[in-house]
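Worksheet: the structure to be examined is printed underneath.
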Amino acid sequence: MDFSVKKLASDAGVFFSRAVQFTQENLGQAEKTELDAHFENLLTRADNTKNWTEKILRQTEVLLQPSPSARVEEFLYEKLDRKIPSRVTTAELLGQYMTEAANDFGPSTPYGQTLIKVGETQKHLGTAERDFIHSSSINFLTPLRNFLEGDWKTISKERRILQNRRLDLDACKARLKKAKAAEAKAALWSDEVDKAEHELRVAQTEFDRQAEVTRLLLEGISSTHVNHLRCLHEFAEAQATYFAQSYQYMVDLQKQLGSSRAELFPAPVVGNTDPASPPLSTSPPPATLPVLQVASSNPGEVPLNPVEVPPPVSGTRKARVLYDYEAADSKELSLSADELITVYSLPGLDPDWLIGERGNKKGKVPVTYLELLS
């Protein structure tokens, strides 16, 4: 019992001494041991790493789960060490509703058939999103959380200990200074000076030891950056895979809808009303209505004939054809899916069209049928 009481009294005395030293330092009434510039840089880098990791973690959580209530629910499951239940994505739910609506309206009707096609694509998009969220949570969010909840807590603990060791060291320096001043006045050797010098040596040793421990932990931040860099690459790869899958699903859907749309909504014949002239193409791009060619309002202006205009010296690009296209007249160029052509623009040309060249043939081609390559 006596030992416990003495220990409590000693701890209270140390705490009071640190509080006095800290207060006097803030008031400019006491000297403070400064850390070297390298150590200060390590502290600054560690603080920046912690702050930016928190911000990146929180915003990535918002990206993967926009719903605040769902994020709170997942947080509670994680703290309770329970498995987070599987959650249907919004795209999957939309696909389910579309499929059920198609069955209600009639799956054999044009509207029902389209609902089924779009609904299936939405389900595929939802599955791709689910895989992206799962991969990012494991390979990106978990390492960031582990750093904040593990390594950073250890660093913070050792920094607090170092701060206390520094306060103890500076308090010992102040006591030794006072003891020497009192000794000089008394003109005799005082036991207080010996005691203060001994306490200072012990405090200096403990401070140096703790500074070394803290420095090693702070230098470990470099390894943390390397680990987070690897995780960031995995996150970017997962996101690229997700977007690539989503793009391919939508391209496939456009092809499906393009054929059925051409049957349901044939393109009107515009411009030339001569019965002998061939009609315009009835295969418009999946997501674009037919482009109407409007005559110039200037009676003296001659319509642009791409065959007669030489190509520009610079500004040409390669393009991959996404869909088959049948030229409507001699000024246009017929296209076949997946072929590569050279394209460029000319002054006065409709922005929805480009000039395409393939071998010794050239003509206008619709932009919506192309994938421009860098």
Side-chain angles (χ1 to χ4, degrees), residues 11 14-15 18-19 22 35-90 128-168 206-242:
D11 292 343
V14 171
F15 177 80
R18 291 170 180 170
F22 182 79
L35 301 170
D36 61 76
H38 175 65
F39 203 103
E40 291 289 354
N41 290 335
L42 291 177
L43 290 173
T44 301
R45 187 176 65 158
D47 289 334
N48 291 339
T49 301
K50 179 256 185 182
N51 293 335
W52 284 114
T53 300
E54 282 183 334
K55 291 181 180 179
I56 293 173
L57 173 64
R58 300 294 172 253
Q59 195 57 38
T60 306
E61 289 175 337
V62 173
L63 172 67
L64 299 180
Q65 179 51 264
S67 172
S69 60
R71 291 200 303 273
V72 171
E73 181 182 349
E74 292 175 358
F75 175 79
L76 293 176
Y77 272 101
E78 183 180 347
K79 290 301 179 183
L80 295 174
D81 198 20
R82 297 177 59 184
K83 183 180 179 181
I84 300 176
S86 178
R87 193 185 305 275
V88 178
T89 64
T90 54
E129 180 185 5
R130 184 199 301 274
D131 293 341
F132 166 59
I133 292 174
H134 179 71
S135 174
S136 299
S137 297
I138 295 177
N139 298 326
F140 188 59
L141 293 184
T142 298
L144 298 186
R145 289 196 190 99
N146 289 342
F147 165 72
L148 293 174
E149 297 175 0
D151 294 348
W152 181 252
K153 286 187 176 181
T154 301
I155 291 174
S156 299
K157 175 185 175 182
E158 297 301 329
R159 286 177 66 176
R160 288 192 298 269
I161 296 176
L162 178 62
Q163 172 73 349
N164 290 335
R165 294 289 182 264
R166 186 197 61 76
L167 291 172
D168 294 341
E206 293 181 350
F207 172 78
D208 293 340
R209 184 186 301 113
Q210 186 59 37
E212 181 64 17
V213 171
T214 307
R215 182 184 64 81
L216 293 175
L217 289 173
L218 293 174
E219 290 178 345
I221 291 293
S222 297
S223 299
T224 299
H225 286 187
V226 173
N227 182 39
H228 289 182
L229 173 62
R230 178 182 58 80
C231 298
L232 184 59
H233 276 284
E234 294 180 356
F235 171 73
E237 290 174 3
Q239 194 171 37
T241 301
Y242 165 57

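No donor-acceptor distance shorter than 3.5 angstrom exists from the side chain of Q239 to the backbone of F132, with no hydrogens or angles considered.
A distance of 4.5 Å separates CD in E158 from CD1 in I161, rounded to the nearest 0.5 Å. A distance of 5.0 Å separates CZ in F207 from CG in L35, rounded to the nearest 0.5 Å. Between the CD1 atom of I221 and the NZ atom of K50 there is a distance of 12.0 Å, given to the nearest 0.5 Å. Remark: L148 CG to N51 CG distance equals 9.5 Å, nearest 0.5 Å. Separating the CG atom in L216 from the CD1 atom in I155 is a distance of 11.0 Å, to the nearest 0.5 Å. Taking CG of L217 as the start and CG of D151 as the end, the distance is 8.5 Å to the nearest 0.5 Å.
Side-chain contact between S223 and N227 is absent, with no heavy atoms from C-beta onward closer than 4.5 Å. With contacts defined as side-chain heavy-atom distances shorter than 4.5 Å, the pair R45/S222 qualifies. Looking at heavy atoms from C-beta onward, L141 lies in side-chain contact with T60 at the 4.5 angstrom threshold. Contact check for F147 versus T49: side-chain heavy atoms found under the 4.5 Å cut-off. Side-chain atoms of L218 and F39, non-hydrogen and from C-beta on, do get closer than 4.5 Å to each other.
Classification of R58 and E61 as a salt-bridged pair holds, one side-chain N sitting under 4.0 Å from a carboxylate O. Checked for salt-bridge contact, R230 and E234 meet the test: a charged N lies under 4.0 Å from a carboxylate O.
Between F235 and F140, the two ring planes are parallel [angle under 30°; tilted spans 30° to 60°].
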Practice problem: Determine, step by step, whether D36 and R215 satisfy the salt bridge (charged side-chain N to carboxylate O under 4.0 Å, His left out) criterion, reporting the C-alpha distance in whole Å, the side-chain angles of both residues, the deciding distance to 0.1 Å, and the verdict. | Solution: CA-CA 11 Å; D36 61 76; R215 182 184 64 81; over 6 Å; no

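For the side chain to side chain donor-acceptor pair (under 3.5 Å) with R159, the lone residue among T214, D47, T154, N164 that qualifies is D47.
Annotation for S137 and T142: closest pair O-OG1, 2.8 Å, computed over non-hydrogen atoms.
By the neighbour-count criterion of 12 heavy atoms within 6.0 Å, atom NE2 of H134 is sparsely surrounded, having that number or fewer from other residues, nucleotides or ligands.
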